[in-house]
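Following: one structure in structure tokens, then a few remarks.
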Amino acid sequence: MRYGLLLVLVLIPACGSGTKVVSETWQATYLQGARIGHTHTRVTESGGVLTLTRTIRLTVKRYGSVLPIEIEQTCTERPDGSVLTLGLNQSLGKDKQTSMTARIEGKKLFIKTGPAERRIDWDDSCLGLYAQEQAFARNKSKPGDTFRLSTFELSAELPLGLKVTLKPAEEVDRLVLKGDVLQREKVSLVRAEIVSDKLWIGGKETQLPPKTVWLDDEGQVIREQFEFPGLGMVTQYTTSKEAATHEAIAPDLLPDLGMNIMIPLNKEIANPYETQQAIYRIKADVEGGAPFVQDDRQQIKLPLGKTFELWVQSVRGPGDRSAKVPSGKEFAEFIEPNRFIDSDNERIKTLARTIVGDEKQPYEMAIKLEKGVHDRMQFDAGVGFPPASQTAREFRGDCRQHALLLAALLRASGIPSRTALGVIYTREPGKGPVFAFHMWTEAYVGGRWLALDAIQGKGFVGATHLTMVHHSWAGTQTLAPLLPIAGVLGKLKIEVTQSR
């Protein structure tokens, strides 16, 4: 059962001879009424093993740049729904984003990315993707029924429980192609509401948006809908191949993800990136407390329900130069290379040496590296999410590529690093002052974390960077560290009360 924004993407070799096709479906996908792509799902059987292969092709717009997304998802499973293999393959823009395979052996899941393989516990209550698709038919579900399902989200490397509640039939639209005209016709379908359990990612509790599906008399999904946080409603129609691929994508009609999730402010801030201190009054319509970290830069004050004040100060300078980097295992994640911050790459190490030169002091090295990235990079919002070594070759990207490249160069120079994700003050034509979602870097120098932003290249950040999530990117092959942000899109109101 596909679940909204969590793109569970899997890849294994194609079926050999002696297979038979069990089912084949096509879906057309719309966002706020604008066509953004389609999904093709094919299920085959061979030797008592079912293989579901799903191909998803979408087009999204981000800060004016149109990005194609291509996903292949596959699951092999037994007829009882027990999973044998999983995998993941995704491309964003021109970049191959993720490639993972996984196999289940007993109570363990072995996940492989490139030559590296790691092992985690497997929850055998997790059903295969085809079993999830057929759950309504197998359960002979009817209005008033409630049941639970378990799936495994490979993108987050976590099991996820789903609560399903069936409601009475209602009249909705479905998509059909009549001649050369794509039409929506009314049909009566049973409504089913799906709510996920909460996930813990990077120390943050994350709740995915609920999803609604509509079923025909045989328990097959004909229509599904979920909210894309901060952007609008996604609707998918099960239809024919001709209808699913009939309309072309119109870039001018696509909602802009980057622009639509900006948070308007009550007033401007003078010299925002030079601010020493600022106080914000924030209302967060989310569960689980204020979605902002507390550290040397920012503190939560005067909490009253979902409203609180965030006090932010600009931390500048190295702190105690004699302080040593912690040597415990809990700090290793900020020093060691990983999939996205591949600081052991030769290109990264060479670039770091070139920028740093003869400098030996960690603080001065960090400042040089920030400026080195700032001076070399060309801003491009159309880049996907490649590892830092690819950015070091192309020197193109937005705040994400700036942040990860700087983090990798810092680690290659012996300086612990992590990324910070949150919002930054800016002005947009026609919108006035806003907070926009942004990523930057933090370096551990002088016994404390120092925020640096290679987009700005100033050697510090002002009190207009508000941090929601820190992450080392250790142990992840996907964009799961970004998921906590999905839960706050469209749910924040921010007022500036003081700044200087």
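This chain uses plain numbering: 1 for the first residue, then up along the sequence.
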**Item:** Heavy-atom closest pair, residues D296 and V315
**Value:** O-CG2, 3.7 Å
**Message:** For L67, is there any backbone N or O sitting under 3.5 Å from a side-chain donor or acceptor partner on K61?
**Reply:** no
**Item:** Min side-chain heavy-atom separation L208-L160 under 4.5 Å
**Value:** yes
**D344 and K349 ion-paired at < 4.0 Å** = no
**Fill in**
Distance col, row L88:CG vs Q90:CD, nearest 0.5 angstrom, shows 6.5 Å
**Message:** Measuring from atom CG of L154 to atom CG of L109, what distance do you get when rounded to the nearest 0.5 angstrom?
**Reply:** 7.0 Å
**Residue pair T29 / Q236, side-chain donor-acceptor N/O under 3.5 Å** = yes
**Asked** Is atom NZ of K241 surrounded by more than 12 heavy atoms (other residues, nucleotides or ligands) closer than 6.0 Å?
**Response** no
**Between S389 and R347: side-chain donor-acceptor atoms closer than 3.5 Å** = no
**Message:** Does the structure place the NZ or CZ of R418 under 6.0 Å from the centre of the six-membered ring of W449, at an angle of no more than 45° from the ring's axis?
**Reply:** yes
**Request:** Can you see which heavy atom on E157 is nearest to which on F152, and at what distance?
**Result:** C-CZ, 3.5 Å
**Item:** Candidate list F435, F308, F292, test ring-ring contact (aromatic ring centres under 6.0 Å, His included), partner Y280, passing option
**Value:** F435
**Request:** Could you tell me whether E105 and R103 make a salt bridge, using a distance below 4.0 angstrom between a side-chain N and a carboxylate O?
**Result:** yes
**Spacing of OH belonging to Y425 relative to NE2 belonging to H438, to within rounding of 0.5 Å** = 15.0 Å
**Request:** Please confirm whether the backbone N or O of A407 pairs with a side-chain atom of S417, one donor and one acceptor, at under 3.5 Å?
**Result:** yes
**CD1-CE distance between I455 and M439, expressed to the nearest 0.5 angstrom** = 11.5 Å
**Message:** Any donor-acceptor pair under 3.5 Å linking the side-chain atoms of Q276 with those of R500?
**Reply:** no
**Request:** Report, as yes or no, whether the 6.0 Å neighbourhood of atom CH2 on W311 holds more than 12 heavy atoms from other residues, nucleotides or ligands.
**Result:** no
**Asked** Hey, does W473 have a side-chain heavy atom less than 4.5 Å from the side chain of L404?
**Response** yes
**Message:** Can you confirm whether F395 sits close enough to L351 that some side-chain heavy atom of one is under 4.5 Å from a side-chain heavy atom of the other?
**Reply:** yes
**Item:** Working for side chain to side chain contact (heavy atoms under 4.5 Å, CB included), residues W122 and V83
**Value:** CA-CA 10 Å; W122 172 251; V83 180; 3.8 Å; yes
**Message:** Less than 4.5 Å apart, side chain to side chain, heavy atoms only: is that true for T275 and I269?
**Reply:** yes
**Request:** Report yes or no: do T76 and T51 form a side-chain donor-acceptor pair below 3.5 Å?
**Result:** no
**Request:** Might you work through the salt bridge (charged side-chain N to carboxylate O under 4.0 Å, His left out) test for E268 and R427, ending with a clear yes or no?
**Result:** CA-CA 9 Å; E268 294 186 11; R427 284 187 56 85; 2.5 Å; yes
**Item:** Q27 side chain to H38 side chain, donor-acceptor N/O pair below 3.5 angstrom
**Value:** no
**Fill in**
Value for CD (Q294) from CG (L310), rounded to nearest 0.5 Å, stands at 8.0 Å
**Asked** Does some side-chain heavy atom of L129 sit less than 4.5 Å from a side-chain heavy atom of R54?
**Response** yes
**Request:** Decide yes or no for K458 and E274: does some side-chain heavy atom of the first lie under 4.5 Å from some side-chain heavy atom of the second?
**Result:** yes
**Asked** What closest approach, in Å, do A463 and S314 show between heavy atoms, and which atom pair accounts for it?
**Response** N-CB, 4.2 Å
**Item:** Which residues share a side-chain contact (heavy atoms from CB on, under 4.5 Å) with A436, sequence neighbours left out
**Value:** Y63, M262, T426
**Request:** List for me each residue that meets salt bridge (Lys or Arg N to Asp or Glu O under 4.0 Å) alongside R57, sequence neighbours excluded, and say none if there are none.
**Result:** E70
**Request:** Indicate the ring-plane relationship of H465 and W440, choosing parallel, tilted or perpendicular according to the 30° and 60° boundaries.
**Result:** perpendicular
**Asked** Looking only at heavy atoms, what is the nearest atom pair of I341 and N338, with distance?
**Response** N-OD1, 2.8 Å
**Asked** Could you give the distance from CG (L405) to CG (L369), rounded to the nearest 0.5 Å?
**Response** 9.0 Å
**Request:** Not counting sequence neighbours, list each pair that qualifies as a salt bridge (Lys or Arg N to Asp or Glu O under 4.0 Å) and has a residue in residues 469-486.
**Result:** none
**Prompt:** Are any of the side-chain nitrogens in R297 or D295 under 4.0 Å away from the carboxylate oxygens of its partner?
**Reply:** no
**Request:** Determine whether H471 and L421 make a side-chain contact, defined as any pair of heavy atoms from C-beta on separated by less than 4.5 Å.
**Result:** no
**Asked** Considering residues at least two apart in sequence or located in another chain, which fulfil the salt bridge (Lys or Arg N to Asp or Glu O under 4.0 Å) criterion with E247?
**Response** none
**Prompt:** Do we see a donor-acceptor contact under 3.5 Å between the side chains of S82 and E77?
**Reply:** no
**Exam field: side chain Q456 to backbone V461, donor-acceptor pair closer than 3.5 Å** = no
**Message:** Are the side chains of L254 and I36 in contact, using a 4.5 Å heavy-atom criterion?
**Reply:** yes
Can you list, pair by pair, the side-chain donor-acceptor contacts under 3.5 Å of residues 379-387, counting residues two or more places apart and other chains?
unit_1 : atom_1 : unit_2 : atom_2 : d
D380   : OD1    : G382   : N      : 2.8
D380   : OD2    : R396   : NE     : 3.2
D380   : OD2    : R396   : NH2    : 3.0

**Item:** H374 and D453 side chains, donor-acceptor separation under 3.5 Å
**Value:** no
**Request:** Taking all non-hydrogen atoms of both residues into account, name the closest pair between G446 and A323 and its distance.
**Result:** C-CB, 3.8 Å
**For the student: nearest non-hydrogen atoms of G397 and M377, plus distance** = N-CE, 3.7 Å
**Message:** Just by distance, no angles: are the side chains of E24 and H40 close enough, under 3.5 Å, to form a donor-acceptor pair?
**Reply:** yes
**Asked** Which salt bridge (Lys or Arg N to Asp or Glu O under 4.0 Å) pairs, counting each pair once, include a residue from residues 312-326, with sequence neighbours left out?
**Response** R321-E364
